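Only one structure is covered here, and it is reproduced in the block below.
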Amino acid sequence: MKRFISMLLAFWLGMTALPALADETVIEPQWPVPDYVTWLLEIASEEVGYEEGPHGYSKYGEWAGDPYAQWCAEFLCWCVDQVDQRHGTELLKNVYPLYSGSNGGRNWFIRQGRYLVRNGHLENWGYQWLKGTDHFLTTGDYIPQPGDWVFFTWTSNTDTDHVAMVEYCTRNAAGDVTIHVIEGNNPSGVTRGTYALTYNRILGYGTVHDAADWTMRGGCSGEKVRQLQEKLIYLDYLSDGAADGAYGSTTQSAVEAFQRAQRLNANGIANIDTQRALDKAVDQAIHDDPNTWQVVDDDDW
């Protein structure tokens, strides 16, 4: 984290527009910034000032297979690939998506269990809540972290039209939060941009960290469902090997059985009350399980 803050300070000292930030304070990241995020932001920063060629040509589109494509997503994916090449990491398709289509990146983060909707309601799933809280997520609750991807829409629907990467966030004297991003294809180059945290064109965030839990129901699939199934397996509501990441009838029945045992509404929907009760039950089961006890040698006393 210190390295990341130092990188920001070095960047600011070289800025000609420094007075514009005079009344703003950098918000320290909530979690330690991974090295790969620092590398990613360094590479993206190197590209600031790049301009597309005639007819919308970009080297990022060419890298992705279509030199004349709209290239905001291609730019971010190219930067991730550069980190992999320079540092021997395997981020692309593991930590970040490889995609070109409108909703491909957002849907990838949903499957990975690392997507937050700005207003807290994820279509086809339900309401979200930040980990460790007991209330649903609302606009402004989540401060984007360095390396998160911000998905935007320019129309009235929920399709993603643009994506940018968070560099850092600031707060002014009035308490208003600004997201500072690096983005491609805006309008024809790689630039730094700023957006209000409450900007209504922000759909949500693909996050570096697993920051929130979500309502789950029949038909949902992905990493969040797999995690839920693992907990149900540990408590003997599902059989071993049932953690396939698909919320089908077997998982729904297991959730209903757990809800009945906890005297909750047995509707088969893993909502906030059900998941909080499930986490508590798992913690208690781990505490009571002698296989998880740590043996301390007498010499350690």
Side-chain angles (χ1 to χ4, degrees), residues 73 76-77 80 90-131 133 136-137 142 148-151 153 157-161 163 202-262 264-279 281-282:
L76 294 186
C77 295
V80 176
E90 296 182 351
L91 304 177
L92 202 60
K93 298 193 286 188
N94 291 305
V95 177
Y96 291 102
L98 173 61
Y99 81 105
S100 297
S102 171
N103 295 319
R106 179 197 64 185
N107 293 344
W108 186 91
F109 277 110
I110 290 173
R111 291 192 298 272
Q112 296 296 311
R114 292 186 283 113
Y115 183 75
L116 272 72
V117 182
R118 179 180 59 85
N119 65 10
H121 185 268
L122 181 58
E123 187 178 5
N124 298 322
W125 290 72
Y127 289 99
Q128 300 180 307
W129 57 97
L130 294 177
K131 287 182 177 293
T133 66
F136 293 129
L137 177 69
Y142 178 69
D148 286 358
W149 288 10
V150 190
F151 293 93
T153 183
N157 61 31
T158 58
D159 289 335
T160 60
D161 297 314
V163 62
I202 294 175
L203 288 173
Y205 309 97
T207 63
V208 171
H209 305 278
D210 184 3
D213 288 317
W214 319 342
T215 302
M216 287 174 269
R217 64 189 72 227
C220 294
S221 63
E223 177 61 18
K224 285 294 184 188
V225 175
R226 190 197 65 77
Q227 293 173 3
L228 174 75
Q229 292 169 328
E230 291 284 3
K231 295 171 185 177
L232 292 167
I233 289 170
Y234 188 74
L235 296 175
D236 293 326
Y237 286 95
L238 277 176
S239 60
D240 289 343
D244 59 1
Y247 204 119
S249 58
T250 301
T251 298
Q252 181 169 325
S253 296
V255 171
E256 290 173 356
F258 175 78
Q259 289 171 327
R260 285 192 293 270
Q262 296 290 317
L264 298 169
N265 180 23
N267 58 8
I269 298 173
N271 56 21
I272 186 170
D273 293 332
T274 298
Q275 291 191 48
R276 284 170 60 84
L278 185 61
D279 288 341
V282 168

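Quick caveat: nothing in here was measured; it's all calculated off a predicted structure. Quick note: residue numbers are just sequence positions, from 1. Every heavy atom of this structure was used, including side-chain atoms; hydrogens, water molecules and symmetry mates were not.
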Any idea which heavy atoms bring [X] and [Y] closest together, and the distance?
{"X": "G105", "Y": "P97", "result": "CA-CG, 4.1 Å"}
{"X": "T158", "Y": "E123", "result": "OG1-OE1, 3.5 Å"}
{"X": "Q262", "Y": "A277", "result": "OE1-CB, 4.2 Å"}
{"X": "M216", "Y": "L228", "result": "CE-CB, 3.9 Å"}
{"X": "T274", "Y": "F258", "result": "O-CE2, 3.7 Å"}

Nearest 0.5 Å, please: how far is [atom2] in [Y] from [atom1] in [X]?
{"X": "S253", "Y": "L232", "atom1": "OG", "atom2": "CG", "result": "11.0 Å"}
{"X": "S102", "Y": "N157", "atom1": "OG", "atom2": "CG", "result": "8.0 Å"}
{"X": "Q128", "Y": "Y142", "atom1": "CD", "atom2": "OH", "result": "11.0 Å"}
{"X": "T160", "Y": "I202", "atom1": "OG1", "atom2": "CD1", "result": "13.5 Å"}
{"X": "W129", "Y": "W214", "atom1": "CH2", "atom2": "CH2", "result": "10.5 Å"}
{"X": "R260", "Y": "N265", "atom1": "CZ", "atom2": "CG", "result": "11.0 Å"}

So C77 and Y96, side chain to side chain contact (heavy atoms under 4.5 Å, CB included) or not? Walk me through it.
CA-CA 8 Å; C77 295; Y96 291 102; over 6 Å; no

So, the side chain of [X] versus the backbone of [Y]: is there a donor-acceptor pair under 3.5 Å, distance only?
{"X": "R217", "Y": "A270", "answer": "no"}
{"X": "T153", "Y": "D161", "answer": "no"}
{"X": "Q259", "Y": "N267", "answer": "yes"}

Give me each pair satisfying side chain to side chain donor-acceptor pair (under 3.5 Å) with a member in residues 104-122, each pair once, sequence neighbours excluded.
R118-T139

Look at atom CZ of F136 and say whether more than 12 heavy atoms of other residues, nucleotides or ligands are closer to it than 6.0 Å.
yes

Could you pull out every donor-acceptor pair under 3.5 Å between side chains of residues 236-249 and any protein atom, sequence neighbours left out?
unit_1	atom_1	unit_2	atom_2	d
D244	OD1	Q229	NE2	3.0
D244	OD1	A246	N	3.0
Y247	OH	G268	O	2.6

Which of these, D148, T207, L122, L203, sits in a side-chain contact (heavy atoms from CB on, under 4.5 Å) with L116?
T207

Go through the side-chain N and O atoms of N271 and T215 and say whether any donor and acceptor fall under 3.5 Å apart.
no

Let me see the working for K131 and D279 under side chain to side chain contact (heavy atoms under 4.5 Å, CB included), right down to the final yes or no.
CA-CA 11 Å; K131 287 182 177 293; D279 288 341; over 6 Å; no

Quick one: does L278's side chain get under 4.5 Å of L235's, heavy atoms only?
yes

